[in-house]
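Dropping a structure here in structure tokens format, bear with me for questions.
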Amino acid sequence: MSNFITAPINENGIILDSDIGGILKDAMSPPFRFTDVFVYSHGWWTDATGAAAGYNRFSMEFTKQLLLIGPTPPTLPHLPASSFATAVHWPSTLSFYSMAKRADAVGQHGVYALLRTMFEALGALTAPPSLRLHLLGHSFGCRVVCSALERIAKDGIQIPSAVTLDAVLLQAAFNSDELDPDGMYGNVSKLNLRLLVTRSEGDTSLGKWYPIAERLVNLFSGRPVTALGAVGPSAATQTEFGGAGVIAVGPGFTYPAVVPLTERLVAADLSPLHAATGPGDLFSGHHSNIYHDEIYQLIAGFFR
């Protein structure tokens with residue numbers, strides 16, 4: 001059984017659906033007994049139609065892969081049995097610079113509020129059910145996810161003991177050192193969560209254009225400019241998470257390859273998979289090339 005809602009959030013991080021708080025509280029309470037909750041965020045330059053199409057495609061194709069894996073594979077620790085998904089939509093079709101700041105505002109305020117509502121609803125239950133909370137972002141949507149987690153950590157929000165938390169950052173459009181202790185999202189590693197990060201040498205948006213845009217807006221920072229989704233997490237980030245499991249994803253990749261990686265941080269290189277699918281988009285390369293069975297298998301194997 002699965003359920004799906006959309007959370008519209010404006011440029012200031014304000015949730016536009018006034019009923020969503022009550023909906024989330026109901027979803028966390030009996031008679032519902034969800035085993036898994038997903039929160040998705042799209043990235044830059046995605047209108048409402050594009051966001052809906054992306055969420056629909058990802059959800060259906062991912063679910064198909066889970067069903068093909070089967071209910072009780074011996075090498076897979078967990079598969080969702082009953083899930084609830086919240087798809088975040090935020091206005092992301094202005095410039096690169098304003099969208100980066102907007103993604104952070106959406107996460108710091110809107111998605112943070114969604115997560116707090118869930119945590120508070122679970123905390124109010126006498127016997128809260130075990131729940132796995134999965135946050136997934138693509139591109140600037142990874143800023144949305146990490147901004148929300150950063151505020152959860154800095155505000156000292158109590159995550160219910162019944163909740164297992166993880167996050168998936170697909171081709172993250174922020175600097176590769178922002179998860180360092182002194183980075184913008186430096187407190188995320190202090191949370192009790194696991195993190196899956198993908199990168200690709202075929203991502204032209206992040207490998208070529210992102211550094212140029214960042215240097216223009218931060219002329220005097222003196223910091224090296226590389227995107228997380230292009231080069232993967234920095235050495236300092238890996239140290240902060242207690243090390244990283246590293247894996248390459250190529251054609252035919254299946255979930256058993258990632259199951260043995262038990263580290264809190266898993267860095268997945270999608271370069272072999274993208275190289276096998278051709279040159280990609282003329283401008284962005286393989287930046288949005290995330291709809292593959294191999295990537296769904298990667299995510300399924302990452303879950304605990």
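Because the structure is a prediction, the values reported are computed rather than measured.
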Problem set entry | Heavy-atom check, side chain of Val111 versus side chain of Trp90, under 4.5 Å |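 Not touching, per the 4.5 Å side-chain cut-off.
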Exercise. Would you call His286 and Leu270 a side-chain contact if the rule is heavy atoms closer than 4.5 Å?
Worked result: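 Contact flag for His286/Leu270 side chains = no.
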Exercise. Same hydrophobic cluster for Phe283 and Leu206, using side-chain heavy-atom links shorter than 4.5 Å among ILVMFWY?
Worked result: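 Yes, it is one cluster - the side chains of Phe283 and Leu206 are joined through contacts under 4.5 Å.
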For this session: Mark yes when over 12 heavy atoms from residues, nucleotides or ligands other than Asn192 sit less than 6.0 Å from its CG; otherwise mark no.
Result: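 No - once you tally the heavy atoms of other residues, nucleotides and ligands closer than 6.0 Å, there are 12 at most.
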For this session: Look up atom OH in Tyr112 and atom CG in Leu149, then write down how far apart they are to the nearest 0.5 Å.
Result: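 Separation between the atoms: 12.0 Å.
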Problem set entry | Inter-residue atom distance Gln297.CD - Leu68.CG, 0.5 Å rounding |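 Those atoms lie 8.0 Å apart.
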For this session: For Arg264 and Leu193, indicate whether the former's side chain and the latter's backbone hold a donor-acceptor pair under 3.5 Å.
Result: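 Between the backbone of Leu193 and the side chain of Arg264 there is a qualifying donor-acceptor contact (under 3.5 Å).
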Problem set entry | Stepwise side chain to side chain contact (heavy atoms under 4.5 Å, CB included) check, Ile5 with Leu24 | CA-CA 10 Å; Ile5 66 169; Leu24 290 176; 4.1 Å; yes
For this session: With side chain to side chain contact (heavy atoms under 4.5 Å, CB included) as the test, would you mind laying out the steps for Thr277 and His292 before giving the verdict?
Result: CA-CA 10 Å; Thr277 61; His292 288 280; 3.7 Å; yes
Exercise. Should the ring pair Tyr291 and Phe58 be called parallel, tilted or perpendicular, given that the plane angle runs from 0 to 90° and is split at 30 and 60?
Worked result: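 Because their plane-to-plane angle is over 60°, the rings of Tyr291 and Phe58 count as perpendicular.
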For this session: Please name the pair of heavy atoms, one in Ala227 and one in Ala172, separated by the smallest distance, quoted to 0.1 Å.
Result: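 Closest approach of Ala227 to Ala172: CB-O, 4.3 Å.
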Problem set entry | His274 side chain to Ser200 side chain, donor-acceptor N/O pair below 3.5 angstrom |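 The criterion, which ignores hydrogens and geometry beyond distance, is satisfied for Ser200 and His274.
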Problem set entry | Flag side-chain contact, heavy atom, 4.5 Å: Asp166 against Arg132 |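 With C-beta onward as the side chain, the pair stays apart.
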Exercise. Would you say Thr35's side chain and Ala81's backbone share a donor-acceptor pair under 3.5 angstrom?
Worked result: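 Yes.
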Exercise. How far does CG of Leu66 sit from OG of Ser83, to the nearest 0.5 angstrom?
Worked result: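 Leu66 atom CG to Ser83 atom OG measures 8.5 Å (nearest 0.5 Å).
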For this session: Please answer: with hydrophobic residues joined when any side-chain heavy atoms are less than 4.5 Å apart, are Val246 and Val266 in the same cluster?
Result: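 No.
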Exercise. Should the pair Phe303 and Phe62 be assigned to parallel (<30°), tilted (30 to 60°) or perpendicular (>60°) ring geometry?
Worked result: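 It falls in the perpendicular class, over 60°.
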For this session: Specify the closest pair of heavy atoms between His287 and Ser139, including all atoms of both residues, with the distance to one decimal.
Result: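 Heavy atoms only, the tightest pair is NE2-OG, 2.8 Å.
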Exercise. Same cluster or not: are Ile295 and Ile69 linked, directly or through other Ile, Leu, Val, Met, Phe, Trp or Tyr residues, by side-chain heavy atoms under 4.5 angstrom apart?
Worked result: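 Same cluster.
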Exercise. If we ignore angles and hydrogens, is there a donor and acceptor under 3.5 Å between the side chains of Asn12 and His109?
Worked result: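 Side-chain D/A pair, Asn12 to His109: absent.
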Problem set entry | Polar side-chain atom of Tyr210 near backbone of Asn175 as donor-acceptor pair, under 3.5 Å |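 Yes: the side chain of Tyr210 pairs with the backbone of Asn175.
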For this session: Tell me yes or no: between the side chains of Thr198 and Gln171, is some donor less than 3.5 Å from an acceptor?
Result: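 There is such a pair (donor and acceptor under 3.5 Å, judged by atom type) between the side chains of Thr198 and Gln171.
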Exercise. Considering all heavy atoms of both residues, which atom of Pro272 and which atom of Gly250 are nearest to each other, and what is their separation?
Worked result: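 Smallest interatomic distance, heavy atoms only, reads CB-CA, 3.9 Å.
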Exercise. Between the main-chain N or O of Phe302 and the side-chain N or O of Arg194, is there a donor-acceptor pair closer than 3.5 Å?
Worked result: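 Checking the backbone N and O of Phe302 against the side chain of Arg194, a donor-acceptor pair under 3.5 Å is found.
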Exercise. Looking at CG of Leu273 and CG of Leu298, how far apart are the two atoms once the value is rounded to the nearest 0.5 Å?
Worked result: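 So the gap between those two atoms works out to 10.0 Å.
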Exercise. Hey, any chance Tyr97 and Leu228 share a hydrophobic cluster, counting ILVMFWY side chains that come within less than 4.5 Å of each other, even indirectly?
Worked result: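 Yes, one cluster joins them.
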Problem set entry | Side-chain donor/acceptor of Tyr55 to backbone N/O of His42, under 3.5 Å |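 Yes; at least one donor-acceptor contact below 3.5 Å.
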Exercise. Under 6.0 Å between the ring centres of Tyr296 and Tyr255?
Worked result: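 For Tyr296 and Tyr255, the ring centres are not under 6.0 Å apart.
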Exercise. Do Arg304 and Thr262 come close enough that some side-chain heavy atom pair is under 4.5 Å?
Worked result: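 A side-chain contact under 4.5 Å exists here.
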Exercise. Does the Glu178 side chain pair with the main chain of Gly183, one donor and one acceptor, at a distance under 3.5 Å?
Worked result: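 Between the backbone of Gly183 and the side chain of Glu178 there is no qualifying donor-acceptor contact (under 3.5 Å).
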Exercise. Is there a side-chain contact between Leu115 and Ile157, using heavy atoms and a 4.5 Å cut-off?
Worked result: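 No, their side chains stay 4.5 Å or more apart.
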Exercise. Do Phe38 and Ser59 have side chains that get closer than 4.5 Å, going by heavy atoms?
Worked result: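 No. Closest side-chain heavy atoms not under 4.5 Å.
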For this session: For the residue pair Asp47 and Thr49, confirm or rule out a side-chain donor-acceptor distance under 3.5 Å.
Result: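 Asp47 vs Thr49: no donor-acceptor pair found between side chains.
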For this session: Please assess Val106 against Phe140 for the test side chain to side chain contact (heavy atoms under 4.5 Å, CB included), listing each intermediate value before the final yes or no.
Result: CA-CA 11 Å; Val106 169; Phe140 276 169; over 6 Å; no
Exercise. How far apart are the closest heavy atoms of Ala51 and Thr46, and which atoms are they?
Worked result: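 Here Ala51 and Thr46 meet closest at N-CG2, 3.3 Å.
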For this session: May I have the step-by-step check of side chain to side chain contact (heavy atoms under 4.5 Å, CB included) for Tyr185 and Arg143, ending in yes or no?
Result: CA-CA 9 Å; Tyr185 313 120; Arg143 300 181 74 111; 3.6 Å; yes
For this session: Measure the spacing between CG of Asn187 and SG of Cys146 and express it to the nearest 0.5 Å.
Result: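 Asn187 CG to Cys146 SG: 12.0 Å, rounded to 0.5 Å.
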Problem set entry | Side-chain heavy atoms of Ser92 within contact of Arg102, under 4.5 Å |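 Side-chain contact under 4.5 Å: no.
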Exercise. Which atom pair, heavy atoms only, marks the closest approach of Ser234 to Asp177?
Worked result: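 Reported closest heavy-atom pair: OG-CA, 4.1 Å.
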Exercise. Within a radius of less than 6.0 Å around CD1 of Ile212, do more than 12 heavy atoms belonging to other residues, nucleotides or ligands occur?
Worked result: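 Counting neighbours around CD1 of Ile212, more than 12 heavy atoms of other residues, nucleotides or ligands fall under 6.0 Å, so yes.
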Exercise. How many angstroms lie between atom NZ of Lys208 and atom CG of Asp203, to the nearest 0.5 angstrom?
Worked result: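 Taking NZ in Lys208 and CG in Asp203, the distance rounds to 13.0 Å.
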For this session: Tell me yes or no: between the side chains of Ser147 and Asp104, is some donor less than 3.5 Å from an acceptor?
Result: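 The answer is yes; a qualifying pair exists.
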Problem set entry | Phe96 and Trp209, any side-chain heavy atoms less than 4.5 Å apart |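 Sidechains of Phe96 and Trp209: no contact.
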For this session: Spell out, as yes or no, whether a donor-acceptor pair under 3.5 Å connects the side chain of Thr237 to the backbone of Asp180.
Result: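 A pair under 3.5 Å: yes.
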Exercise. Considering all heavy atoms of both residues, which atom of Glu150 and which atom of Val188 are nearest to each other, and what is their separation?
Worked result: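 That closest heavy-atom pairing would be OE1-N, 3.5 Å.
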For this session: Determine, using the 4.5 Å side-chain heavy-atom cutoff (strictly less than), whether Val144 and Leu16 are members of one ILVMFWY cluster.
Result: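 Unlinked, Val144 and Leu16 end up in two clusters.
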